[in-house]
J.: 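Shown below is the structure under consideration.
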Protein chains: 2
Amino acid sequence: MTLHDDSPGIALAVSTVIFALRPDRPEVPSAPASLPSLWLPLVRRIRPPYEGQWALPGGPLQLDEDLEASAARTLAATTALAPNYLEQLYAFGTLDRSPDGAKDRVVSIVYWALVNADQASQATPASVETPDANVAWFSVDDLPDLAFDHDVIVEYALWRLRNKVEYSRIAHAFLGDTFTLAELREVHEAVLGRSLDPANFRRQIESSNAVVPTGKRVTGTSYRPPKLYRYNNAVDPADRGPLAPAVRPASAS
Amino acid sequence: MTLHDDSPGIALAVSTVIFALRPDRPEVPSAPASLPSLWLPLVRRIRPPYEGQWALPGGPLQLDEDLEASAARTLAATTALAPNYLEQLYAFGTLDRSPDGAKDRVVSIVYWALVNADQASQATPASVETPDANVAWFSVDDLPDLAFDHDVIVEYALWRLRNKVEYSRIAHAFLGDTFTLAELREVHEAVLGRSLDPANFRRQIESSNAVVPTGKRVTGTSYRPPKLYRYNNAVDPADRGPLAPAVRPASAS
DNA sequence: ACAAAAGTGTTGGAGGTACACCCATGT
DNA sequence: ACATGGGTGTACCTCCAACACTTTTGT
């Protein structure tokens, strides 16, 4: 079915919830080093409805663009990053999503993504604007009022993230190429909001074959230097939906 | 964004994968009673593309209709039933979904549903038409070639169903109001494709509080009459997405 | 009495949590 | 040497699979 010009129709948009992990107080490097916490970028709306309020990055689906490509494009536009993990979250389409008087009804297909905050254009801490004054990062514990039903969407994305960290292998997506087990554990702790036993965490990860030792170690520590690990590409991180046909190159089990 | 008449656009459709459980050979009542198996209704396409092939029931999203309502409507249109369970599956939107030459690109938001086969208009067994000659039920083990990417979609829906039966409480959706634990176990066995220990199954279900005894028993058996159970509405069956705010009327434990 | 399925008891193994303990390095 | 986090060993506990066993009905 094709929609007619000027008559009300159904607009199809793609939005993305982008998560990164940041230290809670980047402005005080010598601070007591509290746990890192989850942050996400929002964009300020520059036209009605909800003009001036913060919303998830996104936009109309382009005619020649896959859904996932659309999500990746808006992600790059807002963060100048490529996602380390990207998955469809849900399609939102209830009739009451747009305020009365809107021309078109909007159906939003929402993705969620994980990016490495270290690579991120170093946005200043709380709610301060990046070079693009209409993009800002917020802690998920301290979000402003969001446009549309985007607060519900963020809540659901958080729920999915916390669930998936427990039974999948996506935590490394917050980190760089190599990392220590302590760093990986801190990611889990920050996402789950509780501390984990280092000993048991190590065994879980090792028995899951999710990571492989690189042979290298961190240098410059004032204590026993930890081993560096790399993500094991032979195991697929998680079910990414019906697509993504489970990459399994031959690997020793 | 509104699409212009006659120019190519993006069409938004809603389809539904409908599962029911049926005995494998309903035509032979005295047969060795093999395990019941999963069946689903398909509709024959009456226009190009894929004219004459079988496809999932569905259609364009109506302007004034919620996504879930659209899924329920096509479900009722093909099976004359109300779903016992209905959940969004995934949004499919790759560029190659429609054959070349199609006017519009189609994005399909797909739901999956469970219905009680006993109530179903008693369709004759394998691939024989129902009153509506363009609807037929097929065993998931013996599906015809499907239009579009519907084979991938069905495969993914099956995967979700099998997963969710294990960690959720949706199996009762295949049954009537009351049922015995043996019946519920047969549902699990049929979906998972393996037999389960009756003793352990009983304990699992009882400890989960998913069902409550009605106090009644089955009569007319030639052996010890089993108790009848009813589904416990105080526990929510599963996460149905960001909506469905977890109904939890006051309940013990 | 017997068959058949309902329902109960008991055991052993797998996996997860808690926590004591040793190891390696810079200061 | 000692402080610090890396890394190992081990006991316990809980949950789950297997399977022997008892109970209750109709014939």
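Chain A is the first sequence line, chain B the second, and so forth, proteins listed ahead of strands; every chain is numbered from 1. Every heavy atom of this structure was used, including side-chain atoms; hydrogens, water molecules and symmetry mates were not.
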J.: Heavy-atom nearest nucleotide on DNA chain D for Arg217(A) versus Arg217(B): which residue maps closer to 5'?
T.: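 The residue closer to the strand's 5' end, by nearest nucleotide, is Arg217(A).
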J.: Under 3.5 Å, side chain of Arg217(A) to main-chain N/O of Pro225(A), donor-acceptor pair present?
T.: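 A pair under 3.5 Å: yes.
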J.: Can you find a pair of side-chain heavy atoms, one from Leu114(B) and one from Leu161(B), that are under 4.5 Å apart?
T.: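 The answer is yes; the side chains approach within 4.5 Å.
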J.: Does any non-hydrogen side-chain atom of Arg185(B) lie less than 4.5 Å from one of Leu181(B)?
T.: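 A side-chain contact is absent here, since even the closest heavy-atom pair is not under 4.5 Å.
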J.: Do side-chain atoms of Asp197(A) reach the backbone of Ala199(A) as a donor and acceptor pair under 3.5 angstrom?
T.: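 Here the side-chain-to-backbone pair exists.
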J.: Do Phe19(B) and Phe174(B) have side-chain heavy atoms sitting under 4.5 Å apart?
T.: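 Touching, per the 4.5 Å side-chain cut-off.
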J.: Starting from P on dG6(D), measure out to OH on Tyr229(A) and report it in whole angstrom.
T.: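 Rounding to the nearest Å, OH of Tyr229(A) and P of dG6(D) are 11 Å apart.
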J.: Glu206(A) has an atom CD; how far is it from atom P of dG7(D), in whole Å?
T.: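 Glu206(A) atom CD is separated from dG7(D) atom P by 9 Å.
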J.: Side chains of Arg203(B) and Asn200(B): donor-acceptor distance under 3.5 Å anywhere?
T.: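 Yes, a side-chain donor-acceptor pair sits under 3.5 Å.
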J.: If you take any heavy atom closer than 4.0 Å to DNA chain D, which residues from residues 177-202 of chain B end up in contact?
T.: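 Heavy-atom cutoff 4.0 Å gives Asp197(B), Ala199(B), Asn200(B).
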J.: Considering only heavy atoms of chain B and a distance under 4.0 Å, specify the first and last nucleotide of DNA chain C in 5' to 3' order that meet this criterion.
T.: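 In short, chain B contacts DNA chain C from dA4(C) to dT10(C).
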J.: Is there a donor N/O on one and an acceptor N/O on the other, under 3.5 Å, for the side chain of Arg203(A) and the base of dG9(D)?
T.: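 For Arg203(A), whose side chain was compared with the base of dG9(D), there is a donor-acceptor pair (under 3.5 Å).
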J.: Do Tyr90(B) and Val110(B) make a side-chain contact, defined as non-hydrogen atoms from C-beta onward lying under 4.5 Å apart?
T.: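 Side-chain contact under 4.5 Å: no.
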J.: Between Tyr231(B) and His172(B), how do the two ring planes meet: parallel, tilted or perpendicular, split at 30° and 60°?
T.: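 Aromatic pair Tyr231(B)/His172(B) classed parallel.
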